[in-house]
Protein chains: 2
Amino acid sequence: MGKQMTEMLKGTLEGIVLAFLTGNPAYGYEITTWLRSQGFTDIAEGTVYALLVRIEKNGLVDVEKRPSEKGPPRKVYSLNADGEKYLEEFWTTWGFLAERLESLRTEGK
Amino acid sequence: MGKQMTEMLKGTLEGIVLAFLTGNPAYGYEITTWLRSQGFTDIAEGTVYALLVRIEKNGLVDVEKRPSEKGPPRKVYSLNADGEKYLEEFWTTWGFLAERLESLRTEGK
DNA sequence: GTCACTACTCAGCGCTACTATGTACCAGTA
DNA sequence: TACTGGTACATAGTAGCGCTGAGTAGTGAC
């Protein structure tokens, strides 16, 4: 992956995953393949699982273990109230940054 | 500063500074105050200087030392050809990410 | 029986922003 | 003279996040 993208994903990847989880419980492998289908082709599996561990530890998601038809049992993550609040803050932060950058790109400065 | 913002700035702060430098040579202190005026009120001085050292080492900017009317001499940074190329790549990367996030925010997923 | 896909885990690394502190020059002022 | 405050740069140490690379395990097809 490009170094620029790697750095830029810091902080945003978490928001992307939380946004995906909104009203759409999912498990790690599913999230990884979805990310890749969205163009984040080089996201490492390890990255996603580490992120999931983190947001679980931070209490932003609820976890449920379900058997899988194929392979080991899945850990299904769903956004809880704290997660929704956190996601809202994320959008606020993102909105500010995106606005600043957009005006930098168009106005020149 | 908010933790979310701190993480999100990783990768983007560099682009912001390079964009500011486009056709607009500036020195560290000036860049810091400009960033603060743009709403990045909590950017630490040390962060900016470290970033400037980095982009200089990576050959993205040219540096010229100029005496100041007030205080120690200034190090004036200006974007060079490599910097412009790097900035272009930055906008491409940013554009992709912004597009993905925007569609996540509006479409829901 | 081995290949491919599914599914999760973990140790170690590199990069970037923050914290905290220090140096130094100059102007105003009490 | 001493002190305060604004200007200007520098750096050592810390924390957080994504990546690398490797490993474990269950299932089904050939």
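Only this structure's heavy atoms are used, side chains among them; waters, hydrogens and symmetry mates stay out. Protein chains get the first letters and strands the later ones, always in sequence-line order, with residue 1 at the start of each.
Among the atoms of the strands shown, base atoms are found under 4.0 Å from some heavy atom of B:Gly46. Residue contacts for A:Leu13: at a heavy-atom cut-off of 4.0 Å it reaches the sugar-phosphate backbone alone, with no base atom in range. Among the protein residues, A:Glu69 comes within range of the sugar-phosphate backbone only, with heavy atoms under 4.0 Å from sugar or phosphate atoms but none that close to a base.
When the nucleotides C:dC8, C:dA24, C:dC15 are ranked by their closest atom to the side chain of B:Pro72, C:dA24 comes out on top. The listed nucleotides are C:dC18, C:dT9, D:dA8; the one nearest the side chain of B:Tyr49 is D:dA8. With D:dG16, D:dT7, C:dA7 as the candidates, the nucleotide lying closest to the side chain of A:Ser68 is C:dA7. Comparing C:dT19, C:dA17, D:dC9 by their nearest atom to the side chain of B:Leu9 picks out C:dA17. Side-chain proximity of A:Tyr29 to the nucleotides D:dG18, D:dT20, C:dC8 is greatest for C:dC8. Closest contact between the side chain of A:Lys10 and the listed nucleotides C:dC8, C:dC18, C:dC15 involves C:dC15.
Sorted by residue number, the members of residues 75-97 of chain A with any non-hydrogen atom under 4.0 Å from DNA chain C read A:Lys75.
Checking A:Glu7 against A:Gly71, the closest nucleotide of DNA chain C that is more toward the 5' end is the one next to A:Gly71. Annotation: of the two residues near DNA chain D, A:Asn58 and B:Lys65, the 5′-most nearest-nucleotide partner is B:Lys65.
Between A:Lys3 and the phosphate of D:dC19, there is no side-chain N or O to OP1/OP2 separation shorter than 4.0 Å. Note on A:Thr47: a side-chain N or O is less than 4.0 Å away from OP1 or OP2 of D:dC19. Contact annotation: B:Tyr27 does not reach the phosphate of D:dC9 (side-chain N/O to OP1 or OP2, under 4.0 Å).
A:Phe96 and A:Ile16 fall within the same hydrophobic cluster, defined by Ile, Leu, Val, Met, Phe, Trp and Tyr side-chain heavy atoms under 4.5 Å apart, directly or through other members. A continuous path of ILVMFWY side-chain contacts below 4.5 Å connects B:Leu79 to B:Val63, so both sit in one hydrophobic cluster.
Interface remark: the A:Lys70 side chain does not form any donor-acceptor pair with the D:dT27 base, using a distance-only criterion of under 3.5 Å.
Atom C1' of nucleotide C:dT16 and atom NZ of B:Lys57 are separated by 12 Å, given to the nearest angstrom. Across the protein-nucleic acid pair, A:Arg36 atom CZ and C:dT6 atom P stand 11 Å apart, rounded to whole Å. Spacing between atom CG of A:Leu35 and atom P of D:dG18 amounts to 11 Å, rounded to whole angstrom units. The CD-C1' distance, from A:Glu56 to C:dT9, rounds to 13 Å in whole Å. Nucleotide C:dT16 holds its P atom 22 Å from the CG atom of B:Asp42, rounded to whole Å. Regarding B:Ile16, its CD1 atom lies at a distance of 9 Å from the P atom of C:dA17, rounded to whole Å. Here C:dC18 presents its P atom at 10 Å from CG of B:Leu51, a figure rounded to the nearest Å. Between the CZ atom of B:Arg54 and the C1' atom of C:dG14 there is a distance of 12 Å, given to the nearest Å.
Between B:Lys10 and B:Glu7 there is a salt bridge, with a side-chain nitrogen of the basic residue lying less than 4.0 Å from a carboxylate oxygen of the acidic one. A salt bridge is defined here as a Lys NZ or Arg NE, NH1 or NH2 lying under 4.0 Å from an Asp or Glu carboxylate O, and A:Lys75 with A:Glu64 fails to meet this definition. Salt bridge A:Glu102/A:Arg100: absent, no basic N to carboxylate O contact under 4.0 Å. A salt bridge is absent between B:Glu30 and B:Arg74; no separation between the charged side-chain nitrogens and carboxylate oxygens falls under 4.0 Å.
Nearest heavy-atom pair across A:Gly59 and A:Asn80 is O-ND2, 3.1 Å.
Using a 4.5 Å heavy-atom cutoff, the side chains of A:Ile55 and A:Glu14 are in contact.
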